[in-house]
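Reminder, nothing fancy here: chain letters follow the sequence lines and each chain counts from 1.
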2 protein chains.
Amino acid sequence: MSSRESVSADAAERHEKAGNTVAATIKDIAKKTGLGLATISSYLNGGNVREKNRILIEAAIEELHFEVNEVARGLKTNQTKTIGVVIPELNNVFCAEIITGIEDIMRNHGYALVICDCRTDPLRECDAVEFLYRKRVDGLINMPVNQDGRHLKPFMDAGKPIVLLDRKLNGVDCDSVLVDNLEAAKQAVNIFLQNGHRRIGMIGGPAEIYTGQERLTGYRLGLMEAGITPEERLIALGDYTIRGGMRCMRELIEHNPDMTAVFVANYEMTMGAVIGMNEMGIHMADDISVIGFDNGEFARACKPRLMIVSQPTREIAERAADLMLTRLKESANAKDEGAVSISRRRGRIIKLPTSMTEGKSVRNITE
Amino acid sequence: MSSRESVSADAAERHEKAGNTVAATIKDIAKKTGLGLATISSYLNGGNVREKNRILIEAAIEELHFEVNEVARGLKTNQTKTIGVVIPELNNVFCAEIITGIEDIMRNHGYALVICDCRTDPLRECDAVEFLYRKRVDGLINMPVNQDGRHLKPFMDAGKPIVLLDRKLNGVDCDSVLVDNLEAAKQAVNIFLQNGHRRIGMIGGPAEIYTGQERLTGYRLGLMEAGITPEERLIALGDYTIRGGMRCMRELIEHNPDMTAVFVANYEMTMGAVIGMNEMGIHMADDISVIGFDNGEFARACKPRLMIVSQPTREIAERAADLMLTRLKESANAKDEGAVSISRRRGRIIKLPTSMTEGKSVRNITE
DNA sequence: TATAGAACTCGTAACGTTTCGGTTTGTTGT
DNA sequence: ACAACAAACCGAAACGTTACGAGTTCTATA
């Protein structure tokens, strides 16, 4: 017993000895205050302790610069207070803005965000998810690239919460935060119609991506409701890249000399479309009216200022974080009740409205 | 003892009982193979085991779906295989591009990146660093907002590696990855000079930020080497925001009717400058020649295409990751030798060259 | 003032690894 | 066949928490 004494010197002694700081542990606090381990732990976790002990503990914590070891806690509680995030492209303002928002909120709740960029590659996305699973993050936030939700399996099986961003996955029952893409596209088309346009082109996203489908459907619906039959040659499908946007715009213009307006269905392609027009010497508004997507900053920098569909990134972030936080709380509580409640849960789907941001890129051709 | 037996059923049994998967542990593998704990651990960490045992172990791992618990390992080894990243703005393409690059490399080495956006707020930056420290990340990558390196103290004291991005901190001895801002600005000025410009304006960054200082100095030097005395009224200092860029461009134009060219010292302000010119009805190149900074995509979308200084984000990322990885290895090895070697280390500073990306935004006014 | 009940405290046993020192097994050269 | 040595193996003790059940101290009521 005496040997034990001499071996486990408290933090202060160790400090002296090593010549530099060694983190104090809960044991050091217990020893210093004369209280038991469990009492300290209870205090640290918001439990009640007698006033005089509270003072004692706080003094000891102060003096020894104690900080709880979150790794040890994590081992015991089986949670890392860490959320994994997998997105297609970090250097994509739409993604980045949402992530920033989520990060802010989650950090305020003690959660760290581990971010993985899968570069729009389904394989990389799988890798990233597995990586995060091995890192034992408590939940996953994902703007999915894979069509089926196969890559989500590890988290599904483990019953860990998943929140999908921007894109719904058919046949996958997950919490998701989306925008009303259909309505957004319809609005854009309507603005063109109100300004007298009839031959309206669309630069759409990949047919296999949710947002691409929805926005295209909205475009078609908008036209049909005005009694116009959508024509295939007025539709060009790009791959959500700048290059794709340039190509589509060129195609559209070449095949449709009579086209007066174009709706572009994401930010990168909007940029590409603008570049394409510049290079072809075609003037926005004067020659062809344009409504783009996302990124108000780019829109303001265009000449003339570009009208765009704006997505509520701030709110998307808030909703996603809320959803995650709720699920996290649920699974914490679920320890008490039967584990069934978790597996029985159904994914909540939140659909937020977009808004139009004014610009000068749509010409009124009625007069 | 018999009670102990019945309590610690192996993973397979537990699996059956609970009705859903329970992670197998190293103990389960030991039991299944009849080998000792230490042997399994040794195998997992790349140690040598006898061929037949290797096969045994691998089979057991396969069968029980064993995966090492990185949290438990972290508790024991005192490292989380996690790196903290603190940046001023995630939705800033320059930042985002560097982070993506770093993330890719670090993940390939088993490190996760915990990213914190401090919104260019020194206080938030301090918070973020403390947060990461409590999360016990193994190292810190930071594009600093605070002037003095005070916010880095926790990591300094703990002897945990720090890599600074983009900005050097005076009096702080840290590994840093920078670009040659001075030379970049000189190059831009020289291009203007070669095209016959003499009255060259500059939209510079905040006086207290490293890159702002360097780029301004480069501008001054470039002029002086050509025998031109820099004039204060040709210099407008912004705050690296779009709004600031707009304001500066307006000021410059109002105060200098004879100005023929402007160099803008970061991306956001470049965008702002372009917007400002658009709104004032001033044409790029024709009226005023412009060289901007960063973001080739934006430059390509401008009309006429904007000439810019390009920073090698890919290489910045590589160097930063390399630096971090090396330091990490060093501190791992340092356990053997005296701890002195760590504290004695001096910060390595890597300075990378920028390049000019062609555009049509500089007019030759000699003819 | 005694006492029931609540409120607080305690020791011990986990959580799943790694590591230390010592033991066993295998290999080589004679 | 046997020493001598290396390589592989082993159990137990950590790492710093939390959680359980039981024990202790308060507080309020009779």
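Within 4.0 Å (heavy atoms only), Leu35(A) reaches sugar-phosphate atoms of the nucleic acid but no base atom. Note on Val71(B): nothing from the nucleic acid sits closer than 4.0 angstrom, heavy atoms only. Residue contacts shown for Phe66(A) are limited to sugar-phosphate atoms, with no base heavy atom under 4.0 Å away.
Relative to the axis of its first five pairs, the axis of the last five pairs of the helix from dT1(C)-dA30(D) to dT30(C)-dA1(D) sits at 30°, rounded to 10 degrees.
Atom P of nucleotide dG16(C) and atom CD of Glu67(B) are separated by 14 Å, given to the nearest angstrom. Rounded to whole Å, the distance from NZ on Lys31(B) to C1' on dC10(D) is 16 Å. For Arg73(A) and dC15(D), the CZ to P distance is 19 Å, given to the nearest whole Å. Between the CD1 atom of Ile26(A) and the C1' atom of dG11(C) there is a distance of 14 Å, given to the nearest Å. In this entry the distance linking CG of Leu37(A) with C1' of dT18(D) reads 9 Å, nearest Å. For the pair Asn45(B) CG and dC9(D) C1', the interatomic distance rounds to 15 Å; values are reported in whole Å. Taking atom CG of Leu75(B) as the reference point, atom C1' of dA13(D) lies 13 Å away to the nearest angstrom. Here the P atom of nucleotide dT17(D) and the CD1 atom of Ile40(A) are 11 Å apart, to the nearest Å.
Listed in residue order, the members of residues 48-63 of chain B having a heavy atom less than 4.0 Å from DNA chain C are Arg50(B).
Under 3.5 Å, the side chain of Lys76(A) and the base of dA19(D) form no donor-acceptor pair of N or O atoms.
Looking only at distances, no side-chain donor or acceptor of Asp175(B) sits under 3.5 Å from a matching main-chain atom of Val163(B). Under a 3.5 Å cut-off, the side chain of Lys160(A) and the backbone N or O of Val137(A) do form a donor-acceptor pair. At least one donor-acceptor pair under 3.5 Å links the side chain of Thr326(A) to the backbone N or O of Asp322(A). At least one donor-acceptor pair under 3.5 Å links the side chain of His109(A) to the backbone N or O of Ile105(A). Looking at Asn146(B), its side chain never comes within 3.5 Å of a backbone N or O of Asp148(B) through a donor-acceptor pair. In terms of modelled atom types and a separation under 3.5 Å, the side chain of Thr100(B) and the main chain of Ala96(B) share a donor-acceptor contact.
When the nucleotides dC9(D), dT17(D), dC20(C) are ranked by their closest atom to the side chain of Val68(A), dT17(D) comes out on top. Listed nucleotides: dC15(D), dT18(D), dT17(C). Nearest to the side chain of Thr25(B): dT17(C).
Neither OP1 nor OP2 of dT18(D) sits under 4.0 Å from any side-chain N or O of Thr77(A). One finds no side-chain N or O of Asn78(A) lying less than 4.0 angstrom from the OP1 or OP2 phosphate oxygen of dC15(C). The phosphate of dT17(C) has neither OP1 nor OP2 within less than 4.0 Å of any side-chain N or O from Ser41(B). Within the structure, every side-chain polar atom (N or O) of Asn69(A) is placed at least 4.0 Å from both OP1 and OP2 of dC15(D).
Contacts of Arg124(B) classified as salt bridge (Lys or Arg N to Asp or Glu O under 4.0 Å), with partners at least two apart in sequence or in another chain: Asp104(A).
Minimum interatomic distance between Asp117(A) and Arg107(B) (heavy atoms only, all atoms of both residues): O-NH2, 3.3 Å.
Neither side chain, Glu67(A) nor Tyr133(B), offers a donor N or O lying under 3.5 Å from an acceptor on the other.
By the 6.0 Å contact criterion, CG on Asn45(B) is enclosed, its count of non-hydrogen atoms from other residues, nucleotides or ligands being greater than 12.
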